[in-house]
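Single-structure report; data block below.
A note on names: the letters A, B, ... follow the listed sequences, proteins ahead of strands, and every chain is numbered from 1. Everything numeric in this text was worked out from a predicted model, so none of it was measured.
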Number of protein chains: 2
Amino acid sequence: MVTLAEVAQHAGVSASTVSYVLSGKRSISANTRQRVEQSIRELGYHPNAGARALASSRSNIIALMIPLRTDMYVPVMMEIAIAVATTARTHGYDVLLLTGEEGPDAVRRVTGSGLADAMILMDVELDDERLPLLRDGGAPARAKPRVGDHQPSVLIGLPADTAGLTCVDLDFKATGALCVEHLAKLGHRDIAVIGEAPAVYERHTGFAERTLDGLRLRSQELGMRLLHRPCEGGYDAMAVTLARIFDERPSTTGFVVQNESAVEPLLALLRQQGRAVPEDVSVVAICPDQVATQASVRLTSVSIPAQEMGRHAVRQLVAKLDGHGSDEVVLIAPELTVRASTGPAPSATH
Amino acid sequence: MVTLAEVAQHAGVSASTVSYVLSGKRSISANTRQRVEQSIRELGYHPNAGARALASSRSNIIALMIPLRTDMYVPVMMEIAIAVATTARTHGYDVLLLTGEEGPDAVRRVTGSGLADAMILMDVELDDERLPLLRDGGAPARAKPRVGDHQPSVLIGLPADTAGLTCVDLDFKATGALCVEHLAKLGHRDIAVIGEAPAVYERHTGFAERTLDGLRLRSQELGMRLLHRPCEGGYDAMAVTLARIFDERPSTTGFVVQNESAVEPLLALLRQQGRAVPEDVSVVAICPDQVATQASVRLTSVSIPAQEMGRHAVRQLVAKLDGHGSDEVVLIAPELTVRASTGPAPSATH
DNA sequence: GTGAAAGCGCTAACAA
DNA sequence: TTGTTAGCGCTTTCAC
């Protein structure tokens, strides 16, 4: 294994010079820099991560905690994780993968050991037990965050109380509003919302409730009627839910779906009942683009900006680590893409 | 930040004693151990990861490289990643998440810097450019693997040449055979195989080809006729493929599907054509259990043992790191679960 | 612009 | 069973 000292000797300079060439923390003459870089290449030198971490009390590692239970839509989590990893690399950080299994202990362990300089938490519960450990963590008061400080952290998703926390999420309230507006413009007046499973509303309710707020508020403002029905995924549950909806409100012409595993069943059932999409009913989905484009009808949808959330979280974190403050809560503006599943309300065409 | 020295002082022992209490590498009197553990708890001590890595040249980190392109079925990758992370923790390791983006450089970087003690690679290409760096890596020749050695590594999946490599994978050949046998027992004689997209066969062909080998060999032995058709996912592609199959071989009564995104389209199309599953045709899938159980017909399937592969990979790696040798190639035996999509061949019931 | 040297916190000989 | 101590390889003050 090649050490910095060996590089120094080979280049005929001191160890500190090599170190400074690497870190760029003081100016080096072009000549010296070249010789050092040459030696580094010739010897195939790689700085030792442990030594670096010890001397600088910076590991250049970001911990990413992903939830164990996979009732969140998995591909989205994966996309976020990958975006986090690649973005982190562009800032010189590696990513440590933590599962929710250890719970708060993982936070303490990683924090206490200096294994990671900062953490990103996905799928935070509304009242998560890890939050107290994170609150006001990483306030950029000191120039150089030290091992054992509260770790700078960013949450992907919003807990109930965001005080002292930095969070990134899609603006679900605006998302709900956007869906309603789109349907309103097309002349729809009676809208049904197919929501997540009831359990979701009870548990990490955050995003589901916020979407509903947006849907309700905007539909009220626009004088539309809204029917909201949570729904377990799958054909059977969807069949029951759909029957009830048309039973209760036969005039329904617009659907908003926020539940990946209900999307295809809904489309299949509508087809089966002879209701054409978008001629008879329109469907707007809140889901990843992949789901929207690969469904049996190409769906008008508001996408979940997984990549953007991952990237954003890393940037916020890096800003904190560099001592720049950063916003508390960042809500990403939703974008609605019109595809083949929405059209003018039937009555509007008569 | 609490250091080992402070713990030592607080407990009235030497630093090395504390260290040995932690590592268990030498016997400690019950009394001393208690005092030390007490101090650790009182002071809230966490060993510093960097210092540890430097002194021991062991980071206790396993790197997991996941592919960037997501044409593999994402939830399976995620499940493997999570299994790797949780299993690693039970062995005292953390997991560093690397994306394929950096390519071979990531291997060098992690290897050279001692960031990780070992690596797990997912979705290896048949002739992957990272393999040379890994071959014969981590042969447990020396007692203590040192930074800068070739890293011990385990591949999930099989490259073309496994010499000097440790690999874990499902036994896809046996999987193919198993599917055929199941259909044979039910009296099916004409079988169609819906495969992965053509690109998959061209690229990281490994598992797809091996499955096909098993299917062909066993069907030949059992005197069955086999038609194999690669298929892009989605309804349209599936419709074309299915039409061709029945066109070419109207007597087809059994299907084997190895393509997650073809499963639901296949079922929908069969339904649409008035072919009942399993009364008219039987369908066996090779896919994750989740897909099999959530499809519109509960599918008889051979599952992809994601968790088991992840767990296995970690165990192999830990064995290597501990100096125990380990097998070169581990093929996990397939298991077929009978569900509602397979039944006696129609002719057999006449 | 460069060098010398003092640690960073821990592990693992070597001693006792 | 326990203590002493010399590093591990790097960063960073301090000095020139």
Starting from [atom2] on [N], measure out to [atom1] on [X] and report it in whole angstrom.
X: A:Met1; N: D:dG9; atom1: CE; atom2: P; value: 4 Å
X: A:Asn48; N: D:dG9; atom1: CG; atom2: C1'; value: 6 Å
X: B:Gln9; N: D:dG3; atom1: CD; atom2: P; value: 13 Å
X: B:Glu6; N: C:dC10; atom1: CD; atom2: P; value: 9 Å
X: B:Arg26; N: C:dT11; atom1: CZ; atom2: P; value: 12 Å
X: B:Leu115; N: D:dG9; atom1: CG; atom2: C1'; value: 14 Å
X: B:Arg58; N: D:dG9; atom1: CZ; atom2: C1'; value: 18 Å
X: B:Leu54; N: D:dA6; atom1: CG; atom2: P; value: 17 Å

Closest approach to the side chain of [X], judged atom by atom: which nucleotide of [options] is it?
X: A:Leu4; options: D:dC10, C:dA12, D:dG7; result: D:dC10
X: A:Ala55; options: C:dC10, D:dT11, D:dT13; result: D:dT11
X: B:Ser27; options: C:dC10, D:dT1, D:dG9; result: D:dT1
X: B:Lys25; options: C:dA12, C:dG9, C:dC14; result: C:dA12

inquiry  = Is B:Arg52 close enough to C:dG9 that one of its side-chain N or O atoms is under 4.0 Å from OP1 or OP2 there?
reply    = no

inquiry  = Taking salt bridge (Lys or Arg N to Asp or Glu O under 4.0 Å) as the cut-off, I'd like each qualifying pair that reaches into residues 79-104 of chain A, sequence neighbours left out, listed once.
reply    = A:Arg89-A:Asp94, A:Arg89-B:Glu102, A:Asp94-B:Arg109, A:Glu102-A:Arg109, A:Glu102-B:Arg89

task = With sequence neighbours left out, write down each residue that passes side chain to side chain contact (heavy atoms under 4.5 Å, CB included) with A:Ala11, or none if nothing qualifies.
result = A:Val13, A:Val36, A:Ser39

key: Set of residues satisfying side chain to side chain contact (heavy atoms under 4.5 Å, CB included) with respect to B:Asp127, sequence neighbours excluded   = none

inquiry  = Using a 4.0 Å cut-off on heavy atoms, which residues in residues 13-20 of chain B reach DNA chain C? List them by number, or say none.
reply    = B:Ser16, B:Ser19, B:Tyr20

task = Can you sort out which residues in residues 31-41 of chain A have a heavy atom within less than 4.0 Å of DNA chain C? Ascending by number, please.
result = A:Thr32

Pairwise distance CG(A:Asp169) to CG(A:Leu331) - rounded to 0.5 angstrom = 7.0 Å

ask   = Atom CG in B:Leu121, atom CE in B:Met119: separation rounded to 0.5 Å?
value = 5.0 Å

ask   = Can you name the side chain to side chain donor-acceptor pair (under 3.5 Å) partners of A:Thr99, sequence neighbours left out?
value = none

inquiry  = Holding to side chain to side chain donor-acceptor pair (under 3.5 Å), I want the full list of residues that pass it with A:Glu6, two or more places apart in sequence or in another chain.
reply    = A:Thr3

Could you go through residues 306-315 of chain B and list every donor-acceptor pair under 3.5 Å that involves a side-chain atom there, pairing it with any protein atom two or more places apart or in another chain?
none

task = Could you list the residues that satisfy salt bridge (Lys or Arg N to Asp or Glu O under 4.0 Å) with A:Arg26, not counting sequence neighbours?
result = none

